[in-house]
Number of protein chains: 2
Amino acid sequence: MLTQAAEDYLKSIYKLQEKGGKVSTGNLAEYLDVKPSSATGMIKKLKTMKLVSHERYQGVTLTDAGKTIALEIIRHHRLLELYLFKALGVPWDGVHEEAEKLEHVISEDMEARMDAFLGYPTEDPHGSPIPDKNGVVLKAPSVQMTDLNNGQSCVVAEVSDDDSALLRHLGSFSLYPGTAFRVIEVAPFEGPFTIDIAGQQVVIGREVAKHIFVNNIEETDNV
Amino acid sequence: MLTQAAEDYLKSIYKLQEKGGKVSTGNLAEYLDVKPSSATGMIKKLKTMKLVSHERYQGVTLTDAGKTIALEIIRHHRLLELYLFKALGVPWDGVHEEAEKLEHVISEDMEARMDAFLGYPTEDPHGSPIPDKNGVVLKAPSVQMTDLNNGQSCVVAEVSDDDSALLRHLGSFSLYPGTAFRVIEVAPFEGPFTIDIAGQQVVIGREVAKHIFVNNIEETDNV
DNA sequence: TATATAATTTAGCCATGCCTAAATTAATTT
DNA sequence: AAATTAATTTAGGCATGGCTAAATTATATA
């Protein structure tokens, strides 16, 4: 069995790899809120376990074995988020923190029972894909909200799950995955977005919009 | 926040204290499957935290603060056992192992949500009392099955939760808490018990009977 | 009471995983 | 290309919580 710390490193490498491409010691350390020297140490250990590849100063890559474990942990996390949300009514801005601890601890049996209870779901409450039991992830293509233009309509696909305050903010506008909205105006000079959600006009700051991903984009006539 | 190890020590001290009275370093170490010297070390640490009292060679006692934490962990454990059993259908011989890991990790919020979901229960699936949120335990008095005599009828009150094979064995006779049975014969010389459960005759070994506690004892006529 | 035995504690080591500070290597600027 | 700056790694330390082996203290036996 891997330690919790090792699992967290693998998960983080997977997520950084997914976003940015190359994963440096420094990026990884920053993401995990540890010092670079600590990351170096763990990378060395994971390498001896053949869970990552690494050449000095070159960045880390997950091996197939490492990726399998990373996806297993991510699956646990997202199944737990959805389970806590649906079965216990934990608010969507609280499920991440709870899942972060539970993900390392649940058995395969419990994973399977939650999966069945939830009807073999494919998305967590923030719209992130839940890898299936074989580690297969199907992520619908989506676009960062900051790439939208005036007059476009779309549906929220996914939002960041790790910032509780952000989630409460989005929740106050009902900006959940599945919610449709229309861009009324993008303020110039990297300004905020004014959008229409179910007839309500709402202003979304640019920094917030970076954490929102959408799909089903359509051009609509201005009102 | 306490470490998981420290929580396990407090819980174990509470349980040993409950059964036997004096808790020695050796007993504690054996119960936790560590060496006595390891127990000494942790006892010292818990003492500096004022969670236990201890004088060299005299045995350990929980302070009020230590007892509060022990009961909190036991509450988590038993609520989890019942929750896993009722909400996820985990078999009763599997809930202990799972709860053993989860008990250290769930939040107060999750504890409260499970408690509400279950209707503020007072007993886990093995008949052990669930301390309430203030740490109050109400344990109905019960008698070890080995103290029963021929012709007595009773109801199963509680069984040990930590031996999975034993639980499967008991389950095969439907010997759950709440199940009534009548003692047909106690074999002499510390022999096994022959009992009647719902018309079925079953032989229960003495060692097994030591793990079963009963109440509502009545004398009945022999058939 | 003296001695043997059993329980407990101390001393010192190991692995994990974090840290700081210093050294090394790579990348960038002049 | 040389020098500066940035990234990474190494070296050595700390806390946790195990371990073994040796010393100590208590208990039981002769």
Side-chain angles (χ1 to χ4, degrees), chain A residues 1-17 19-62 66 69-70 73 100-101 103-105, chain B residues 1-17 19-62 66 69-70 73 100-101 103-105:
Chain A
M1 197 52 185
L2 284 184
T3 62
Q4 192 158 316
E7 289 181 346
D8 277 333
Y9 273 88
L10 293 175
K11 184 177 69 162
S12 300
I13 294 166
Y14 179 90
K15 289 193 167 190
L16 289 173
Q17 209 166 258
K19 304 243 164 183
K22 175 137 54 183
V23 180
S24 69
T25 302
N27 295 157
L28 183 57
E30 190 191 3
Y31 188 81
L32 281 161
D33 199 26
V34 298
K35 300 298 166 186
S37 54
S38 302
T40 297
M42 181 60 87
I43 289 166
K44 278 170 89 171
K45 188 169 308 174
L46 293 173
K47 192 181 173 183
T48 70
M49 294 191 249
K50 299 195 189 297
L51 298 174
V52 303
S53 304
H54 182 245
E55 294 304 322
R56 292 164 58 92
Y57 294 89
Q58 291 295 114
V60 214
T61 318
L62 292 176
I69 295 172
I73 301 300
E100 202 68 16
K101 298 174 298 178
E103 66 188 8
H104 303 289
V105 146
Chain B
M1 195 52 187
L2 283 185
T3 62
Q4 192 158 316
E7 290 181 346
D8 277 332
Y9 273 88
L10 292 174
K11 185 178 67 163
S12 300
I13 294 165
Y14 179 89
K15 289 193 166 190
L16 290 173
Q17 209 167 258
K19 305 244 162 179
K22 174 135 58 184
V23 180
S24 68
T25 302
N27 295 157
L28 182 57
E30 190 192 2
Y31 188 82
L32 280 162
D33 199 27
V34 298
K35 300 298 166 187
S37 55
S38 302
T40 297
M42 181 61 87
I43 290 166
K44 279 171 88 171
K45 187 169 308 173
L46 293 173
K47 192 180 173 184
T48 71
M49 295 190 249
K50 298 194 190 299
L51 297 175
V52 302
S53 304
H54 182 244
E55 295 304 322
R56 292 164 58 91
Y57 294 88
Q58 290 295 116
V60 214
T61 318
L62 292 176
I69 294 171
I73 301 300
E100 202 67 16
K101 298 174 298 178
E103 65 188 7
H104 303 289
V105 145

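As the structure is a prediction and not an experimental result, all values here were calculated from the model. Below, all heavy atoms of this structure are taken into account, side chains as well, without hydrogens, waters or symmetry copies. Quick note on labels: first sequence line is chain A, next is B, and so on, each numbered from 1.
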Figure out the [atom1]/[atom2] separation between [X] and [N], and round it to whole Å.
X	N	atom1	atom2	value
B:E55	D:dA26	CD	P	12 Å
B:E30	C:dA7	CD	P	10 Å
B:L46	D:dT16	CG	C1'	13 Å
B:K47	C:dT9	NZ	C1'	13 Å
A:K22	D:dA7	NZ	P	13 Å
B:I43	D:dG17	CD1	P	14 Å
A:E7	C:dT16	CD	C1'	15 Å
A:L32	C:dG17	CG	C1'	12 Å

Would one find a side-chain N or O of [X] under 4.0 angstrom from OP1 or OP2 of [N]?
X	N	answer
A:K35	C:dC18	no
A:S38	C:dG17	no
A:R56	D:dA7	no
A:T25	D:dT9	yes
B:K44	C:dT10	yes
B:H54	C:dT8	no

What contact category does B:T3 fall into here, base, sugar-phosphate, or nothing, at under 4.0 angstrom with non-hydrogen atoms? sugar-phosphate
At under 4.0 Å between heavy atoms, what does A:G41 touch on the DNA or RNA strands: base, sugar-phosphate, or nothing? nothing
Shortest non-hydrogen contact from B:H54 toward B:K47: O-NZ, 2.8 Å
Rounded to the nearest 0.5 Å, how far apart are [atom1] of [X] and [atom2] of [Y]?
X	Y	atom1	atom2	value
A:Q4	A:E103	CD	CD	7.5 Å
B:M49	B:L2	CE	CG	5.5 Å
A:I73	A:L10	CD1	CG	8.0 Å

Name the residue closer to the 5' end of DNA chain C, choosing between A:Q58 and A:M42 according to the nucleotide with the nearest heavy atom. A:M42
5' priority, DNA chain C, between A:D33 and B:Y57 [closest heavy atom]: B:Y57
Considering only side-chain heavy atoms of B:K45, which listed nucleotide, D:dG17, D:dT9, C:dC18, is closest? D:dG17
What's the closest nucleotide to the B:A5 side chain, out of C:dT8, C:dC18, D:dG17? D:dG17
Check each of A:V23, A:V60, A:L32 against A:L16 using the side chain to side chain contact (heavy atoms under 4.5 Å, CB included) test, and report the only one that passes. A:V23
Ignoring hydrogens and geometry beyond distance, is the side chain of B:S37 in donor-acceptor contact with the base of D:dT20 at under 3.5 Å? yes
List for me each residue that meets side-chain hydrogen bond (donor to acceptor under 3.5 Å, both in side chains) alongside B:S24, sequence neighbours excluded, and say none if there are none. B:N27
